[in-house]
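Indexing begins at 1, ligand by ligand and atom by atom, following the structure's order. Small disclaimer: the values here were computed from a predicted structure and weren't measured.
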Amino acid sequence: MYTLGIDIGSASSKAVILKDGTDVVASAVVQVGTGTSGPGRVLEEVFSNVDLTQEDMDYTVATGYGRFSVENADKQLSEITCHAKGIFHLVPSVRTIIDIGGQDAKAIQLDAKGNIQKFVMNDKCAAGTGRFLDVMSRVLEVPLDQMGKVHFQAKEWAQVSSTCTVFAESEVISQLSKGLPRESIVAGVHQSVASKACSLAYRIGVKNDVVMCGGVAQNAGVVDAIEKELKQSIIVAPHPQITGALGAALMAYEELMKANK
Ligand code: ADP
């Protein structure tokens with residue numbers, strides 16, 4: 001039996017094909033999200049990796065900000081449900097999830113059985129999300145996938161104190177023009193994102209283990225800044241950008257099992 005999970009976010013489109021509710025047989029990520037060619041392209045890509053088509057899928061669940069735009073989905077579920085499902089499957093010791101995506105950030109608390117106990121979300125402001133990092137990467141002229149590496153070159157972390165992305169951009173430009181080392185500003189940018197993510201986590205209560213997911217979890221600098229803020233180590237989910245799509249494929253399998261009972 002095959003199930004498909006599709007996660008259409010604001011910044012990227014992800015898909016996972018699962019066999020019999022356990023084995024990931026294919027996955028794909030396209031770095032553009034809802035309202036773009038991303039949803040169509042991610043399906044093309046995931047099916048090009050295996051000898052399967054949409055007709056072979058026994059159940060499809062769509063999640064993410066753009067989930068209602070997915071044709072062929074049997075059901076739509078929230079990202080909170082799907083991230084929780086995907087992360088608990090990968091790391092059953094998880095009790096706190098920090099998810100930072102393209103235009104939102106969430107903290108989710110789970111119990112020992114993986115049930116969602118509490119969650120909080122920032123989807124009102126770009127600060128503390130991937131969007132903030134995308135803007136800063138452009139201003140700092142450091143490619144996104146190099147931000148983590150540059151972070152660890154910093155001897156000191158600059159202070160990025162503006163709470164608004166637009167003002168923070170001006171603040172960073174001013175720091176650059178004053179000659180502050182680029183790597184210190186990169187680390188300061190990461191600290192700013194980390195402090196916002198941690199304030200979400202503090203609101204629900206930080207319980208171990210803490211697992212981070214979402215595209216921003218690929219930035220080792222943000223992970224480091226979160227660990228410094230929480231004063232403890234955290235676990236980065238394997239393939240952190242596709243945990244929502246994995247959770248959607250797992251939920252699809254559960255739906256099939258319910259229907260076949
Ligand atoms: P969404 O699900 O909301 O579309 P994602 O979870 O895919 O968003 O996260 C997108 C964000 O992840 C981007 O805004 C970017 O900041 C970050 N990101 C994506 N790829 C990388 C990478 N290779 N290295 C560092 N950060 C990345």
[atom]: nearest protein contact (heavy atom, Å):
| atom | result |
| --- | --- |
| atom 23 (N) of ligand 1 | D145 CB, 3.8 Å |
| atom 14 (O) of ligand 1 | D134 OD2, 2.9 Å |
| atom 7 (O) of ligand 1 | S12 OG, 2.5 Å |
| atom 26 (N) of ligand 1 | G215 O, 3.8 Å |
| atom 11 (C) of ligand 1 | V216 CG2, 4.1 Å |
| atom 25 (C) of ligand 1 | L144 O, 3.7 Å |
| atom 4 (O) of ligand 1 | A11 N, 2.7 Å |

Evaluate Q175 against V160 for side-chain contact (heavy atoms from CB on, under 4.5 Å), listing each step before the verdict. CA-CA 9 Å; Q175 289 174 339; V160 177; 4.2 Å; yes
Flag side-chain contact, heavy atom, 4.5 Å: [X] against [Y]:
| X | Y | value |
| --- | --- | --- |
| E45 | V30 | yes |
| V25 | Y2 | yes |
| L133 | H190 | yes |
| Y59 | K75 | yes |

For atom 20 (N) of ligand 1, which of Q218, K14, R131, Q146 has the closest heavy atom?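 Result: the heavy atom closest to atom 20 (N) of ligand 1 is in Q218.
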I want to confirm something. Looking only at heavy atoms, which of G9, G102, P240, G221 is nearest to atom 3 (O) of ligand 1?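 Result: the heavy atom closest to atom 3 (O) of ligand 1 is in G102.
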Find all atoms of ligand 1 within a distance of less than 4.0 Å from any non-hydrogen atom belonging to [X], and give their numbers and elements.
| X | answer |
| --- | --- |
| G214 | 6 (O) |
| G130 | 14 (O), 16 (O) |
| Q241 | 5 (P), 7 (O) |
| G101 | 3 (O), 5 (P), 6 (O), 8 (O), 9 (O) |

Looking only at the side chains, is there a donor atom on one of T63 and Q76 sitting less than 3.5 Å from an acceptor on the other?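 No, no side-chain donor-acceptor pair sits under 3.5 Å.
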From T53 atom OG1 to L43 atom CG, the distance as rounded to the nearest 0.5 Å: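 Between T53 OG1 and L43 CG, I get 11.5 Å after rounding to 0.5 Å.
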Give the intermediate values and the outcome of side-chain contact (heavy atoms from CB on, under 4.5 Å) for residues L230 and Y202. CA-CA 9 Å; L230 295 179; Y202 293 142; 3.7 Å; yes
Whether the side chain of R203 engages the backbone of L200 through a donor-acceptor N/O pair (distance < 3.5 Å, no angle test) should be reported.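 Checking the backbone N and O of L200 against the side chain of R203, no donor-acceptor pair under 3.5 Å is found.
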Any heavy atom of M147 closer to ligand 1 than 4.0 angstrom?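 False for this residue.
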Does S10 come within less than 4.0 Å of ligand 1, judged by its heavy atoms?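 The answer is yes, since S10 has a heavy atom less than 4.0 Å from ligand 1.
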Any salt bridge linking R41 with E44? Criterion: basic side-chain nitrogen under 4.0 Å from a carboxylate oxygen.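 Looking at E44 together with R41, the answer is no, because their closest N to O distance does not fall below 4.0 Å.
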Pairs of nitrogen or oxygen atoms closer than 3.5 Å, one from D7 and one from ligand 1: do any exist?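 By distance alone, the answer is no.
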